[in-house]
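Okay, so here's the structure we're looking at.
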There are 2 protein chains.
Amino acid sequence: MENTGEVKVKSLYKCLKILECFTAKTPDLGITEIAKKLDLNKSNVFNMISTLVAAGYVEKNPTTDHYRLSLKMLEFSYVITSRIEYQAIVMQIMQRLSNELNHAVLFGVMHGTQVLYLYNTYPKSISNDYLVRSLMGEKAPLYCTSLGKAILSALPKEEVSVHLDDHLVPFTKTTLTSVEELMRDLKLSASRGYSVDNSEHEQGIRCIGVPVRARDGRLIGGMCVSGPVQHIPDDDIERLARNLISASFEIRNRT
Amino acid sequence: MENTGEVKVKSLYKCLKILECFTAKTPDLGITEIAKKLDLNKSNVFNMISTLVAAGYVEKNPTTDHYRLSLKMLEFSYVITSRIEYQAIVMQIMQRLSNELNHAVLFGVMHGTQVLYLYNTYPKSISNDYLVRSLMGEKAPLYCTSLGKAILSALPKEEVSVHLDDHLVPFTKTTLTSVEELMRDLKLSASRGYSVDNSEHEQGIRCIGVPVRARDGRLIGGMCVSGPVQHIPDDDIERLARNLISASFEIRNRT
DNA sequence: TATGATGTTCTACAATACAGAACAGCATGC
DNA sequence: GCATGCTGTTCTGTATTGTAGAACATCATA
């Protein structure tokens, strides 16, 4: 007798859909805007938003006069991250790796067909090539990121397709858009122990990723170094990958 | 005609209260447990939780068979943090400060009577004195943290009381529990430009904090170094404070 | 086998969410 | 200056739907 997760309170479900309208690209929304997007009644949306404002999770942006998620929402983040296993070990090793390799390092987990980024670290001397920011909660497709491909390459072949979007949208010229290409790439990644994203998601950004496991062998996520192509030349990939692999191994040993 | 933020959808408000039951200290909850805590009907809570599960924001912890917030909730974090001003500048300077001073550095903002921590950085060589973790979304009272007191010390005197809890609960022996003591401390902090938390919140942890402003003079938060008392001896406070103050000044200049 | 926890299902009734209309405020246009 | 079209906001009657309570399932422990 397991909770199947049915939608039993429709108004609540609606409200969650309203909250999902707020994205990094569209963080400021008006009532009518939301109502149109979700095909809901204006007053319906207004009542929901008013309640969210009353509870402190949504606020009015005084400059645009639109609504946005407020900082209170971040309180949930800490509840979640504070219970994630191995956080201290992973972050410590990531920070060391950042400093040793002089690159940004990212850690993320599989989340449906996407990577959900959790932590990122920067090298001790941060150049202006990096936009320094927390990526916690950011998402990206599995199929076109080194982190995603590293995780996929560690899955049993029959499980991979479950985590692929129906259509492999090309973000750049080099995005792998056919399942055959991708599977070949995953096979290669699995055999050599690391994956490479050659500007497949963002033009000019190259990443090298590895799967991360716990001591018991369980896959707990993926880790990658990321940077502008000119800072990660072809002949450096092997070295970076070796460092990542040994860091991943160290995480495994210390969990 | 301003949205006053009335509770217009009671079921939604109830649900938010349910979500707030999940805390860092009690991240795993059962249906009955929540129902008791909020004095709600079991089936009522069940319906809410089921809906949250359906939407992906709550999941069952397979080991405890209780419910918990799921990683999907973190997606909101990125929506919020990606719109926070000056993130890149603040984090870059914090990371440098961490390395130079060899201490953890924290940044947070005022949030009612509490500090809401946003970013934290660690020194390049992380000793085992630190539990490395992201503090984003963590809260602490303003009155007994260096970060909080730094922010309070930068407020007009008449605004301070608005941001104080009714009762200044003592967390340790050194917690300032009278408003008079606190106001004296804030006056001192304002005059010298930095605040000190002498194990007032957590036993054995000492912090030194400064307010952080934008170019236009607007207070955007506070920043502190934090560490075990034995690593921050009395005769080092001045030096750390000077570095914090100049870092805060640099942030101001670069916004 | 009994007892007392838990989570889950079901149903009937009344509370309440919501659609639609109306209004307010503020632009823009002519 | 009046009209037009866009917002956000208020209000109300109705029927949708949230919810209480009872019943049941499951798993403990006594």
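Within every chain, numbering begins at 1; the chains are lettered A, B, ... in the order of the sequence lines, protein sequences first and strands thereafter.
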- Message: A/Tyr57 vs A/Phe22, test: ring pair (Phe, Tyr, Trp, His ring centres under 6.0 Å). Steps then yes/no.
- Response: CA-CA 12 Å; A/Tyr57 293 101; A/Phe22 296 93; over 10 Å; no

- Query: Do B/Glu75 and A/His111 pass the side-chain hydrogen bond (donor to acceptor under 3.5 Å, both in side chains) test, and can you show the C-alpha distance, the side-chain angles, and the key distance before you say yes or no?
  - Reply: CA-CA 11 Å; B/Glu75 294 178 18; A/His111 187 62; 3.0 Å; yes

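Across all their heavy atoms, A/Leu106 and A/Tyr117 have their closest contact at CD2-CE2, 3.5 Å. Closest non-hydrogen pair, A/Thr32 versus A/Lys42, comes out as OG1-CD, 3.8 Å.
Salt bridge annotation for A/Glu200-A/Lys173: absent, with no cationic side-chain nitrogen under 4.0 angstrom from a carboxylate oxygen. A salt bridge links A/Arg83 to B/Glu59: at least one charged side-chain nitrogen sits closer than 4.0 Å to a carboxylate oxygen. By the 4.0 Å N-to-carboxylate-O rule, B/Lys72 lies close enough to A/Glu20 to be salt-bridged with it. The pair B/Glu33-B/Lys37 fails the salt-bridge criterion, with no side-chain N (NZ, NE, NH1 or NH2) lying under 4.0 Å from an Asp/Glu carboxylate O.
Here D/dG18 presents its P atom at 7 Å from NZ of A/Lys10, a figure rounded to the nearest Å. A/Lys60 places its NZ atom 10 Å from the C1' atom of D/dT7, with the value rounded to the nearest Å. Between the C1' atom of D/dT10 and the NZ atom of B/Lys8 lies a distance of 7 Å, rounded to the nearest Å. Between A/Asp65 atom CG and C/dG25 atom C1' the separation is 11 Å, expressed in whole Å. For the pair B/Glu6 CD and C/dT16 P, the computed distance is 15 Å after rounding to whole Å. Put simply, CG on A/Leu12 is 16 Å from P on C/dT16, counting in whole angstrom units.
Where the helix from C/dT1-D/dA30 to C/dC30-D/dG1 starts and where it ends, the local axes point in directions that differ by 40°; five pairs per end, rounded to 10°.
Shown for residues 16-24 of chain A: no residue has heavy atoms falling under 4.0 angstrom of DNA chain C. For the contact set between residues 25-53 of chain A and DNA chain D, defined by any heavy atom under 4.0 Å, the members are A/Gly30, A/Ile31, A/Thr32, A/Lys36, A/Lys42, A/Ser43, A/Phe46.
At least one donor-acceptor pair under 3.5 Å links the side chain of A/Ser248 to the backbone N or O of A/Pro211.
Within the 4.5 Å cutoff, the side chain of B/Gln87 has heavy atoms near those of the B/Tyr119 side chain.
For B/Tyr67, a side-chain nitrogen or oxygen approaches OP1 or OP2 of C/dT8 to under 4.0 Å.
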